[in-house]
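This one's a predicted model, so the numbers in the text were calculated from it and none came from an experiment.
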Amino acid sequence: MPSKVLSLDSLVKNDARFGLAMQDITQRYIDKQLSGGAATLLAECNKLPPTAGGAQALMQRAEAGAAAAQYPPGSLIFPLNKDILAVHELIKKETIDMIEILELLKAWIQFNVPRLEEGDNFGVDVQKEALGEISGGLQSAACVLKDITKYYFTRAKLISKCNKFPHIKDYVTSLIEVDQKHYAKLQVNIMELRNIYSVLQDLVLKNREKIEKPKGDSRPFMGNF
């Protein structure tokens with residue numbers, strides 16, 4: 001676990017995949033698909049003062065179907081966001097690694113749980129606390145993997161809406177927001193994985209004797225974490 005803490009901390013601080021600006025997350029995969037169409041018209045209109053000549057006409061052009069003419073239904077193609085895809089590959093690998101490590105740690109603690117008897121159960125309580133932390137870590141890991149699947153499903157639905165209603169700016173804006181929000185969440189996910197390792201490492205080091213020998217017996221040590 002110490003090596004995982006260090007490697008994940010290095011990823012958080014130094015890996016370029018986690019340091020992209022939010023506008024960079026979408027401009028290569030969404031903005032270029034809309035150049036010259038309704039998004040440009042609306043952007044130009046939004047830059048003009050409310051009383052500027054031609055602003056109302058420009059907005060009317062956008063709202064009246066300029067986008068539909070520029071982008072007939074089914075013509076917009078939004079590729080996979082490769083910046084997010086690269087982070088997904090890393091996050092999935094680290095998450096699966098964590099699940100395997102925590103399952104091994106869980107088994108090690110469970111093998112050291114003594115038989116039920118009265119008195120001197122403090123060590124058993126420590127083991128239960130450690131197992132509770134491990135369960136929380138496993139649940140967090142499962143949520144990370146589930147969120148990745150949910151992201152693609154949500155994005156696909158929005159792309160379908162963008163193609164069906166290309167003149168409605170809100171769908172495109174929603175697609176941009178989904179990508180940016182998900183990228184921010186991935187940044188938090190990698191820090192959470194690091195923190196889970198850190199908390200468990202601290203708990204095991206501080207209570208190793210109680211975890212290995214909860215009753216103070218001399219049973220042999222059954223693992224190395």
Side-chain angles (χ1 to χ4, degrees), residues 1-30 78-113 126-159 174-208 211 222-225:
M1 284 195 293
S3 61
K4 279 295 186 182
V5 173
L6 293 175
S7 65
L8 291 176
D9 190 60
S10 178
L11 286 176
V12 170
K13 296 177 180 177
N14 304 318
D15 197 301
R17 288 170 289 186
F18 291 97
L20 297 175
M22 283 301 168
Q23 61 269 23
D24 295 335
I25 292 298
T26 56
Q27 66 179 4
R28 288 186 288 176
Y29 307 105
I30 296 177
F78 295 95
L80 285 173
N81 191 315
K82 292 183 180 179
D83 290 328
I84 291 179
L85 183 62
V87 177
H88 280 171
E89 292 174 353
L90 176 61
I91 286 279
K92 286 192 288 187
K93 178 184 179 302
E94 293 295 341
T95 302
I96 292 171
D97 285 350
M98 169 171 279
I99 291 173
E100 292 176 354
I101 290 171
L102 295 192
E103 288 291 354
L104 285 172
L105 181 59
K106 179 180 176 181
W108 170 63
I109 294 174
Q110 288 176 329
F111 280 129
N112 282 290
V113 174
V126 172
Q127 290 177 326
K128 289 181 179 178
E129 181 179 352
L131 290 172
E133 290 289 343
I134 292 170
S135 294
L138 291 171
Q139 289 176 6
S140 297
C143 286
V144 170
L145 298 177
K146 183 178 180 180
D147 285 344
I148 291 175
T149 302
K150 185 178 179 181
Y151 159 76
Y152 285 116
F153 183 75
T154 301
R155 195 173 192 270
K157 289 177 66 176
L158 281 172
I159 289 173
S174 296
L175 182 59
I176 292 171
E177 291 291 332
V178 164
D179 275 5
Q180 292 181 348
K181 177 183 176 182
H182 185 67
Y183 181 75
K185 192 168 186 179
L186 291 173
Q187 291 175 312
V188 173
N189 288 155
I190 199 70
M191 290 187 284
E192 288 179 340
L193 296 181
R194 177 200 61 189
N195 295 343
I196 290 170
Y197 279 126
S198 299
V199 170
L200 285 171
Q201 176 71 10
D202 182 66
L203 180 62
V204 170
L205 286 178
K206 289 180 177 177
N207 300 280
R208 184 162 189 154
I211 291 174
M222 297 186 68
N224 185 14
F225 288 91

Exercise for review: Any chance you could lay out the side chain to side chain contact (heavy atoms under 4.5 Å, CB included) test for Val178 and Tyr151, step after step, and finish with the verdict?
Suggested key: CA-CA 8 Å; Val178 164; Tyr151 159 76; 3.9 Å; yes

Could you tell me the separation between the [atom1] atom of [X] and the [atom2] atom of [Y], rounded to the nearest 0.5 Å?
| X | Y | atom1 | atom2 | result |
| --- | --- | --- | --- | --- |
| Tyr197 | Leu102 | OH | CG | 6.0 Å |
| Asp15 | Ser7 | CG | OG | 11.0 Å |
| Ile109 | Gln127 | CD1 | CD | 7.0 Å |
| Thr154 | Leu175 | OG1 | CG | 10.5 Å |

Practice item. Could you list the residues that satisfy side chain to side chain donor-acceptor pair (under 3.5 Å) with Lys157, not counting sequence neighbours? Key: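 Per chain and number, Lys157 pairs via side chain to side chain donor-acceptor pair (under 3.5 Å) with no residue.
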
**Study point:** By side chain to side chain donor-acceptor pair (under 3.5 Å) - contacts of Asn195 (at least two apart)
**Key:**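 None.
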
Check your understanding: Between the main-chain N or O of Leu20 and the side-chain N or O of Tyr183, is there a donor-acceptor pair closer than 3.5 Å?
Key ->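 Flag set: sc Tyr183 to bb Leu20 pair under 3.5 Å.
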
Point to revise | Leu203 backbone acceptor or donor facing Asn207 side chain under 3.5 Å | key: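 Side chain of Asn207 to backbone of Leu203, a donor-acceptor pair under 3.5 Å: yes, one is there.
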
Review point. Only one of Ile96, Ile91, Leu90 clears side-chain contact (heavy atoms from CB on, under 4.5 Å) with Glu94; which?
Key: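 Considering Ile96, Ile91, Leu90, a side-chain contact (heavy atoms from CB on, under 4.5 Å) with Glu94 is found only for Leu90.
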
Point to revise | Residue pairs fulfilling side-chain hydrogen bond (donor to acceptor under 3.5 Å, both in side chains) with at least one residue in residues 131-141, sequence neighbours excluded | key: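 Residue pairs passing side-chain hydrogen bond (donor to acceptor under 3.5 Å, both in side chains), neighbours aside: none found.
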
Can you confirm whether [X] sits close enough to [Y] that some side-chain heavy atom of one is under 4.5 Å from a side-chain heavy atom of the other?
| X | Y | answer |
| --- | --- | --- |
| Leu193 | Asn189 | no |
| Lys106 | Gln110 | yes |
| Ile99 | Leu145 | yes |

Practice item. Report the C-alpha separation of Arg17 and Asp83 in whole Å, then their side-chain angles, then the decisive distance to 0.1 Å, and conclude whether the salt bridge (Lys or Arg N to Asp or Glu O under 4.0 Å) test is met. Key: CA-CA 7 Å; Arg17 288 170 289 186; Asp83 290 328; over 6 Å; no

Check your understanding: Should Leu138 and Glu103 be marked as a side chain to side chain contact (heavy atoms under 4.5 Å, CB included) after you check the CA-CA gap, both sets of side-chain angles, and the distance that decides it?
Key -> CA-CA 8 Å; Leu138 291 171; Glu103 288 291 354; 3.6 Å; yes

Review point. Of the options Arg155, Glu177, His88, which is the one that meets His182 in a side chain to side chain donor-acceptor pair (under 3.5 Å)?
Key: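 Going through the options one by one, the only one that passes is His88.
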
Check your understanding: Looking only at heavy atoms, which two atoms of Val5 and Ser198 are closest? And how far apart?
Key ->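 That closest heavy-atom pairing would be CG1-OG, 3.5 Å.
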
